[in-house]
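Just so it is clear, the values below take in all heavy atoms, side chains as well, and ignore hydrogens, waters and symmetry mates. Numbers here simply count residues along the sequence, with the first being 1.
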Amino acid sequence: MATNDALDASALRALLSEKQGATHVRAALNASVISAVNYSEVVAKLADRGGNPAAVSAGLAALHLGVVAFDQSQAAQAGALITGSRAAGLVFGDRSCLALATSRSLIALTADRSWTTLRPSVQIECIR
């Protein structure tokens, strides 16, 4: 199956917690990848909420979600996005998702509505 979407950590967290937008993410999951940066964000959030690290890793592995290494090209793109995304409140993880989407011509799937104010070179789809 072709890869269509780059998941932001907020989208994956919505799926895992069955919040608004979870159905949208579930439908896109088989055609999605996630940056190692965003994957780390999700693991950290689950661990911070008391999740057992081994159980968290096993649960995420069961999703069969492709985790993409954060490389030098994506790092440069994420860094360059700071000027255009600061006003929308995007943080490093958000910019890393956009960099992955840009590098692979994917749709950036997020739960953060503030992204819709951006004018990036990739398509952004808000799940809520």
Side-chain angles (χ1 to χ4, degrees):
M1 177 174 268
T3 302
N4 299 322
D5 302 305
L7 294 183
D8 178 45
S10 64
L12 184 54
R13 286 193 323 267
L15 172 69
L16 296 173
S17 61
E18 289 296 325
K19 292 197 173 170
Q20 184 183 2
T23 303
H24 189 121
V25 178
R26 189 174 295 105
L29 197 59
N30 289 333
S32 298
V33 293
I34 191 167
S35 168
V37 173
N38 294 119
Y39 186 87
S40 177
E41 261 189 278
V42 172
V43 170
K45 184 65 86 174
L46 294 173
D48 194 38
R49 292 185 175 163
N52 174 299
V56 166
S57 293
L60 289 173
L63 296 176
H64 304 289
L65 181 61
V67 179
V68 178
F70 189 67
D71 62 21
Q72 183 177 358
S73 174
Q74 290 175 40
Q77 288 176 352
L81 285 169
I82 188 71
T83 56
S85 64
R86 185 178 286 127
L90 271 67
V91 296
F92 174 65
D94 300 334
R95 295 190 318 271
S96 68
C97 177
L98 287 170
L100 172 60
T102 300
S103 71
R104 296 201 174 188
S105 299
L106 302 173
I107 298 167
L109 204 57
T110 185
D112 295 330
R113 288 189 185 109
S114 66
W115 289 29
T116 60
T117 64
L118 301 174
R119 299 289 180 244
S121 59
V122 297
Q123 183 179 345
I124 295 171
E125 192 171 312
C126 188
I127 64 169
R128 297 182 179 156

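Atom CG of N4 sits about 11.5 Å away from atom OG of S105, to the nearest 0.5 Å. Here the NE2-CZ distance, from H24 to R128, works out to 12.0 Å after rounding to the nearest 0.5 Å. Atoms CG and OG, on D8 and S32 in that order, are 12.0 Å from each other to the nearest 0.5 Å. Remark: S114 OG to L90 CG distance equals 5.5 Å, nearest 0.5 Å. Summarising the geometry, atom NZ belonging to K45 is positioned 11.0 Å from atom OG belonging to S10; distances are rounded to the nearest 0.5 Å. Distance CD1/I124 to CZ/R113: 14.5 Å, rounded to 0.5 Å.
Smallest separation of non-hydrogen atoms from A78 and F70: CB-CZ, 4.1 Å. Heavy atoms only, all atoms of each residue included: E41 and G93 are closest at OE1-CA, 3.4 Å. Among all heavy-atom pairs drawn from A28 and D5, the shortest one is CB-OD2, 3.4 Å. In this structure, L106 and V122 approach most closely via the heavy-atom pair O-CB, 4.0 Å. Scanning all heavy atoms of the two residues, the minimum distance from T110 to A11 falls at CA-CB, 4.2 Å. Taking both residues in full, the closest heavy atoms of T117 and A88 are given as OG1-CB, 3.6 Å, listed atom of the first, atom of the second, then distance.
A continuous path of hydrophobic side-chain contacts links L81 to W115 [ILVMFWY only; heavy atoms under 4.5 Å]. Clustering ILVMFWY residues whenever any of their side-chain heavy atoms sit less than 4.5 angstrom apart, transitively, puts V33 in a cluster other than the one holding I107. The cluster map of Ile, Leu, Val, Met, Phe, Trp and Tyr, joined by side-chain heavy atoms under 4.5 Å apart, puts L109 and L60 in the same cluster. Cluster annotation: L7 and I127 are assigned to the same hydrophobic cluster (Ile/Leu/Val/Met/Phe/Trp/Tyr, side-chain heavy-atom contacts under 4.5 Å, transitive). In the hydrophobic clustering of this structure, V43 groups with V67; members are Ile, Leu, Val, Met, Phe, Trp, Tyr whose side-chain heavy atoms approach within less than 4.5 Å, directly or through other members.
Within 6.0 Å of CD in E18 there are more than 12 heavy atoms belonging to other residues, nucleotides or ligands.
Side-chain contact check for V68 versus R104: some heavy-atom pair is nearer than 4.5 Å. Looking at L118 and L98, their side chains come closer than 4.5 Å, going by heavy atoms from C-beta outward. Inter-residue side-chain proximity for V37 and R95 is flagged as unmet; no heavy-atom pair is nearer than 4.5 Å.
Checked by atom type and distance alone, the side chain of S35 never pairs as donor or acceptor with a backbone atom of C97 at under 3.5 Å. Not one N or O on the side chain of S40 forms a donor-acceptor pair closer than 3.5 Å with the backbone of A36. The backbone N or O of S73 lies less than 3.5 Å from a partner atom in the side chain of D71, making a donor-acceptor pair.
A side-chain contact (heavy atoms from CB on, under 4.5 Å) with L15 is found for one member of V25, V42, L65 and no other, namely V25.
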